[in-house]
Amino acid sequence: MKILHLASFSGNIGDNASHMGLRKILSELLDFNQIDNIEIRDFYKSTSEKYKKYFDETFVDLCNNYDLVIWGGGGYLDYWVPDSKTGSTFDISNDIMDKIIPPTVITSVGCVPGNKVPNGNKEKFNNFLKYISNSEKFHLLLRNDGSYEHVKENFGNDLAINFSTIVDNAFHYEHKKNGIFPAVRDYVAFCIADDQIIMDGEGATKFSKDKYYREISTVVNYLIKVHKLDVCFVPHRAYDIKSINHILNNLDDKYIRNNILVAPYMVGDNGADYLFGIYKNSILTIGDRFHSNVCGVSLGIKTIGLSALSRVRFMYDSIGLKDSYLEIEENFSANLIQKIDILLNTDLEDYKKKYFNKLNNLRNDSINKYKNIFSLYF
């Protein structure tokens, strides 16, 4: 069996964790001898013409050389993309989709727009969902980030019931490689991303970026001064380095020289394994990126989510950790400090007991949903 996987494989380690989780599922359910990657960033509107690919006849021919095609995971169904035929990252027409022969699973994807939706995009996306719901070869598995609830509220229950929710594929990621990281004291791992706070769509918090960094800096100072902990910033993508620099500008130079660590920027599966090893060895993880939270709780780390986008809140609610995130609002640092104090004084095993049984049940449910789809063909 040959599988084609359309997703992003270089540029954000959270995506890599998701794909490694998917491969674990596929290896359990299917007997395949080849899986090839095609980079979805090459299909983006913003991609340079010399690298750009299109959802056209060439894409059809590629897909039709495989026995199974997978799109995702990621936030690829956030339907704010201008001039897209579906309103989403998949700028593909019905005519092209008609010509794709193998079963195609669009999986572990989100569709709660982080940016403003252009006029007409909601209607385009509605038509895309209707196409999938009426198709015998396309299947949609939404991730547990509020996407199913969004479809139900905005496009109707009659359409939503055609789709299933699974836990994000990164919940199946298994960390296997412990890189040597030169920390000499216990540390808190932070993932702070500029692009999560500047979005202005339905799922966004709409909070001042400068205020955000000041609030985070207040918390970093507290961790160093009161709890005598170091702080390690972990970039998931290159752009996060800018966010880290903003925070450093708000910190005391003595703390920067003695208590601040910055993990290397790395990409690909090896980069993901190294950097999530830094999370795994932290005493606490705090982050606003979706996969910093998914992988934190999945790997059994005490984790606090910063819900700059609603997807973080929905993820925690879905696994029964309603007290492990906070909304981004005025003076949120006080609330975050309170949660930090509670978690640092909580036994790790007691923390994991709150959600591990439910999470394991959700993992098994997700595997069964994949199994049900694959059983139709293989």
Side-chain angles (χ1 to χ4, degrees), residues 7-8 14-15 18 40 71-82 84-92 105-135 138-171 193 195-207 288-291 293-294 305-322 324-329 362 365-366 369:
S8 179
D15 292 331
S18 174
I40 196 170
W71 301 358
Y76 302 131
L77 295 189
D78 291 1
Y79 51 95
W80 56 264
V81 181
S84 166
K85 295 179 182 66
T86 66
S88 74
T89 301
F90 303 122
D91 183 17
I92 190 168
V105 182
I106 306 171
T107 182
S108 195
V109 287
C111 67
V112 183
N115 289 316
K116 289 183 178 178
V117 176
N119 290 335
N121 270 35
K122 186 172 182 179
E123 291 73 20
K124 292 178 184 178
F125 187 61
N126 184 51
N127 291 334
F128 179 62
L129 292 178
K130 286 183 177 178
Y131 180 96
I132 296 170
S133 70
N134 292 321
S135 173
F138 280 88
H139 305 269
L140 175 59
L141 296 172
L142 297 165
R143 66 187 185 184
N144 60 326
D145 66 349
S147 290
Y148 183 87
E149 293 81 0
H150 180 85
V151 171
K152 184 176 179 180
E153 180 178 345
N154 288 273
F155 300 96
N157 185 60
D158 289 345
L159 186 55
I161 58 175
N162 293 287
F163 313 122
S164 295
T165 297
I166 59 171
V167 293
D168 186 272
N169 285 335
F171 277 110
D195 60 355
Q196 303 297 284
I197 202 68
I198 61 175
M199 294 188 183
D200 58 0
E202 175 184 329
T205 190
K206 304 176 183 68
F207 194 78
D288 57 15
R289 282 205 178 279
F290 183 69
H291 284 115
N293 289 281
V294 168
L306 304 176
S307 187
L309 296 175
S310 63
R311 62 183 63 157
V312 171
R313 167 169 54 88
F314 273 101
M315 183 278 290
Y316 276 103
D317 287 348
S318 73
I319 62 172
L321 279 178
K322 295 179 181 290
S324 287
Y325 67 88
L326 56 91
E327 303 288 353
I328 304 305
E329 55 192 9
L362 289 170
D365 177 70
S366 298
K369 286 173 179 174

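Just so you know, these numbers use all the heavy atoms, side chains as well, and skip hydrogens, waters and symmetry mates.
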* Dump the intermediate steps for side chain to side chain contact (heavy atoms under 4.5 Å, CB included) on I166 and L142, then the final yes or no. => CA-CA 6 Å; I166 59 171; L142 297 165; over 6 Å; no

* Might you work through the side chain to side chain contact (heavy atoms under 4.5 Å, CB included) test for V109 and L140, ending with a clear yes or no? => CA-CA 8 Å; V109 287; L140 175 59; 3.6 Å; yes

* Do L77 and F125 pass the side chain to side chain contact (heavy atoms under 4.5 Å, CB included) test, and can you show the C-alpha distance, the side-chain angles, and the key distance before you say yes or no? -> CA-CA 8 Å; L77 295 189; F125 187 61; 3.9 Å; yes

* For N144 and T165, run side chain to side chain donor-acceptor pair (under 3.5 Å): C-alpha distance rounded to whole Å, both residues' side-chain angles, the deciding distance at 0.1 Å, then the answer. => CA-CA 6 Å; N144 60 326; T165 297; over 6 Å; no

* Asked: N293 and Y316: side chain to side chain donor-acceptor pair (under 3.5 Å), yes or no, with the steps?
  -> CA-CA 9 Å; N293 289 281; Y316 276 103; 2.6 Å; yes

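For F138 and W71, the ring centers are positioned less than 6.0 Å apart.
A cation-pi arrangement is found for R143 relative to F290, the charged atom lying closer than 6.0 Å to the ring centre and inside a 45° cone about the ring normal.
Applying the side chain to side chain contact (heavy atoms under 4.5 Å, CB included) criterion to T86, with sequence neighbours excluded, gives S84, S88, F90, I92, F128. In this structure, S18 has no side chain to side chain donor-acceptor pair (under 3.5 Å) partners at least two apart in sequence or on a different chain. Residues passing the side chain to side chain contact (heavy atoms under 4.5 Å, CB included) test with D365 are K369, sequence neighbours excluded. Take I328 and apply the side chain to side chain contact (heavy atoms under 4.5 Å, CB included) test, not counting sequence neighbours, and it matches I197, T205, F207, Y212, L306, A308, L326, F332. In this view, S307 satisfies the side chain to side chain donor-acceptor pair (under 3.5 Å) rule with no residue, not counting sequence neighbours. In this view, T89 and I40, Y44, Y76, V81 satisfy the side chain to side chain contact (heavy atoms under 4.5 Å, CB included) rule, not counting sequence neighbours. Residues passing the salt bridge (Lys or Arg N to Asp or Glu O under 4.0 Å) test with E329, sequence neighbours excluded: none. Under the rule for a ring-ring contact (aromatic ring centres under 6.0 Å, His included), Y148 has no partner lying at least two apart in sequence or in another chain. For S147, the side chain to side chain donor-acceptor pair (under 3.5 Å) criterion is met by D145, not counting sequence neighbours. Checked against salt bridge (Lys or Arg N to Asp or Glu O under 4.0 Å), D78 has the following partners two or more places apart in sequence or in another chain: R311.
Screening residues 116-133 for side-chain hydrogen bond (donor to acceptor under 3.5 Å, both in side chains) gives D98-Y131 as the qualifying pairs, with residues at least two apart or on separate chains.
With D91 contributing its side chain and K85 its backbone, the two residues share a donor-acceptor pair below 3.5 Å.
Within the model, atoms CG of D288 and CD of Q196 stand 5.5 Å from one another, a figure rounded to the nearest 0.5 Å. Going from atom OG of S310 over to atom CD of E149 covers 10.0 Å, rounded to the nearest 0.5 Å. The SG atom of C111 sits 11.5 Å away from atom CD1 of I106, with the distance rounded to the nearest 0.5 Å. Expressed to the nearest 0.5 Å, how far OG of S324 lies from CE of M315 amounts to 9.0 Å.
When all heavy atoms are compared, the tightest approach of P82 to P118 is CA-CG, 4.3 Å. Here the shortest heavy-atom pairing between Y325 and K322 reads CE2-O, 3.5 Å.
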Output a table of donor-acceptor pairs, distance under 3.5 Å, between side-chain atoms of residues 150-163 and any protein atom two or more places apart or on a different chain; print 'none' if there are none.
unit_1	atom_1	unit_2	atom_2	d
H150	ND1	N154	ND2	3.2
H150	ND1	E202	OE2	3.2
H150	NE2	Y79	OH	2.7
N154	ND2	H150	O	3.0
N162	ND2	D158	O	3.0
N162	ND2	L159	O	3.1

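At least one side-chain heavy atom of D168 sits less than 4.5 Å from a side-chain heavy atom of H291.
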